[in-house]
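Step one of this worksheet: look at the structure below.
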Amino acid sequence: MTNLRERENDDWVACISRIRDAQDQAAFAELFNHFAPRVKSFLMRSGADATMAEECTQEVMATLWQKAHLFDPTRASAATWIFTIARNRKIDAIRKHKRPEPEDLPWGPEAEPDQADALVLQQESEQLGQALAALPDKQRTLIEKAYFGDLSHSEIAEQTGLPLGTIKSRIRLALDRLRHAMK
Amino acid sequence: MTDQIKHHLTDALLMAYSAGNLPEAFSLTVAAHISMCDDCRARLGAFDTVGGALMEGCEATQLSAGSLEATLQRIKSGDAGIEPARRARSGGILPGPVQDYVGGDLDAVKWKPVGMGVKQAILPTSRDATVRLLYIPAGAAVPDHGHQGTELTLVLKGAFRDEMDHFGPGDIEIANEDLDHTPVADIGEDCICLAATDAPLKFRGLIPRIAQPFLRI
């Protein structure tokens with residue numbers, strides 16, 4: 001399973017390179033079939049209705065094509081990068097404001113990404129995904145709600161019936177576990 | 001810059017910024033701190049990775065018929081969503097994302113006096129929270145004030161001290177309603193801060209301005 005997922009991760013990076021270098025529609029279709037349905041789920045869980053989620057998903061995937069030259073595999077996995085595009089779309093379309101972005105680091109994507117750095121980053125992203133999947137259900141659910149539900153901790157408290165202190169300590173516990181798993 | 005910073009963003013703020021769930025005013029303050037702090041930038045990278053893993057772990061939702069073809073059509077006609085452009089180091093006193101809201105560096109700020117030499121400039125953001133630049137002359141104090149909700153104060157230049165600690169350039173103070181504090185700027189240099197607060201909307205407009213707490217915080 002691990003090897004399969006790692007290979008998938010490398011494949012996604014290769015797909016984005018093929019889009020960047022050769023406007024490869026088959027590579028795009030592969031990425032689309034895997035990620036677009038999940039982007040749509042993310043947007044719907046964040047409060048978009050099906051029509052808006054479909055529209056935004058198409059825009060997110062079109063952005064991926066157009067910004068393929070900005071993807072840096074030493075900084076992000078394909079899933080992380082697509083998440084940030086979808087997240088920005090959600091802020092724009094659902095929350096209706098723009099997202100202030102930090103200044104970029106002085107070293108940029110103009111240098112050819114180092115293969116070894118990219119490999120380490122991709123493996124760590126994979127490890128994080130596994131650590132997340134291995135969390136106890138209660139902790140994972142709370143982290144999911146924090147990311148997708150567009151809910152504050154106090155709103156999560158209302159939905160789950162858990163006291164605020166418990167939620168905060170469970171999220172902290174989950175983050176500690178994730179950190180431990182990454183060591 | 002980055003090595004002197006002692007006061008950083010919390011996990012909760014970084015997670016909410018990564019998830020896209022913060023009011024615009026808070027997002028701006030977080031983005032400004034990250035522009036100055038490589039440590040928090042790296043931590044944000046980790047939270048974005050968590051977001052990516054959670055999204056990839058979502059069950060697939062059925063797409064509309066012809067969704068791929070429609071997307072390829074969008075690509076052909078250049079119809080994608082607007083993705084914020086990455087921006088290079090500004091090199092000014094104000095971090096890049098703050099300059100975007102001011103329309104320039106420090107000399108472009110339209111200050112309004114609020115008394116005792118303190119000046120402020122409220123930046124335009126969505127109405128669920130407010131963010132302002134504060135100018136505190138060297139040695140001057142911002143009068144004692146409490147908070148309706150959460151207040152983030154990021155030092156851009158100079159330094160201040162309050163009941164909690166000493167805050168220098170790049171440091172961020174995270175205060176909640178429990179804290180009543182009197183920030184005092186260090187002697188020797190004027191202090192410029194970016195301060196965001198999510199005081200509830202009902203405190204704006206309904207109550208005569210004169211009766212509002214200091215600085216409408």
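Keep in mind that the numbers below use all heavy atoms, side chains included, and drop hydrogens, waters and symmetry copies. Predicted model only: the values in this text are computed from it and were never measured. In the text below, chain A, chain B and the rest are named by the order of the sequence lines, each starting its count at 1.
The part of Asp11(B) that comes within reach of chain A is its side chain, from C-beta onward, which places non-hydrogen atoms under 4.5 angstrom from that chain. At a 4.5 Å heavy-atom cutoff, Ala76(A) makes no contact with chain B through either its backbone or its side chain. Within the 4.5 angstrom heavy-atom criterion, atoms from both the backbone and the side chain of Ala70(B) approach chain A. Neither the backbone nor the side chain of Ser77(A) comes within less than 4.5 Å of any heavy atom in chain B. For Glu124(A), no part sits under 4.5 Å from any heavy atom of chain B, backbone or side chain. Interface remark: Lys98(A) contributes backbone and side-chain atoms alike to the contact with chain B (heavy atom separation under 4.5 Å).
Contact count against chain B (heavy-atom pairs under 4.5 Å) is highest for Leu128(A) among Leu178(A), Leu128(A), Ile82(A), Val39(A). Of the residues considered (Ser126(B), Gly45(B), Ser67(B)), Ser67(B) shows the highest number of contacts with chain A, using heavy-atom pairs under 4.5 Å. By number of non-hydrogen pairs under 4.5 angstrom with chain A, the leading residue of Leu44(B), Leu22(B), Val50(B) is Val50(B). Of all the listed residues (Ala53(B), Ala16(B), Ser27(B), Gly51(B)), the one sharing the greatest number of non-hydrogen pairs under 4.5 Å with chain A is Gly51(B). Between chain B and the options Arg38(A), Glu55(A), Lys96(A), heavy-atom pairs under 4.5 Å are most frequent for Arg38(A). Between chain A and the options Thr125(B), Leu63(B), Val30(B), Thr29(B), heavy-atom pairs under 4.5 Å are most frequent for Leu63(B). Counting heavy-atom pairs closer than 4.5 Å to chain B, the top residue among Leu175(A), Leu64(A), Thr51(A) is Leu175(A).
Across all their heavy atoms, Gly170(B) and Leu154(B) have their closest contact at O-CD1, 3.5 Å. Listed here is the closest heavy atom pair of Leu106(B) and Trp111(B): CD1-CZ2, 4.3 Å. Between Ser35(B) and Pro95(B), the closest heavy-atom pair is CB-CB, 4.1 Å. What you find for Cys40(B) and Leu14(B) is that their closest heavy atoms are O-CD2, 4.0 Å.
Put simply, the residue from Phe28(A), Trp81(A), Phe35(A) that forms a ring pair (Phe, Tyr, Trp, His ring centres under 6.0 Å) with Trp12(A) is Phe35(A).
Side chain of Asp105(B) to backbone of Asp107(B): no donor-acceptor contact under 3.5 angstrom is found. Judged by distance alone, with hydrogens and angles left aside, the side-chain atoms of Glu173(B) form no donor-acceptor pair with the main-chain N or O of Thr153(B) at under 3.5 Å.
Centroid-to-centroid, the aromatic rings of Phe47(B) and Tyr17(B) stay 6.0 Å apart or farther.
The environment of CD in Gln62(B) is sparse: at most 12 heavy-atom neighbours from other residues, nucleotides or ligands sit within 6.0 Å.
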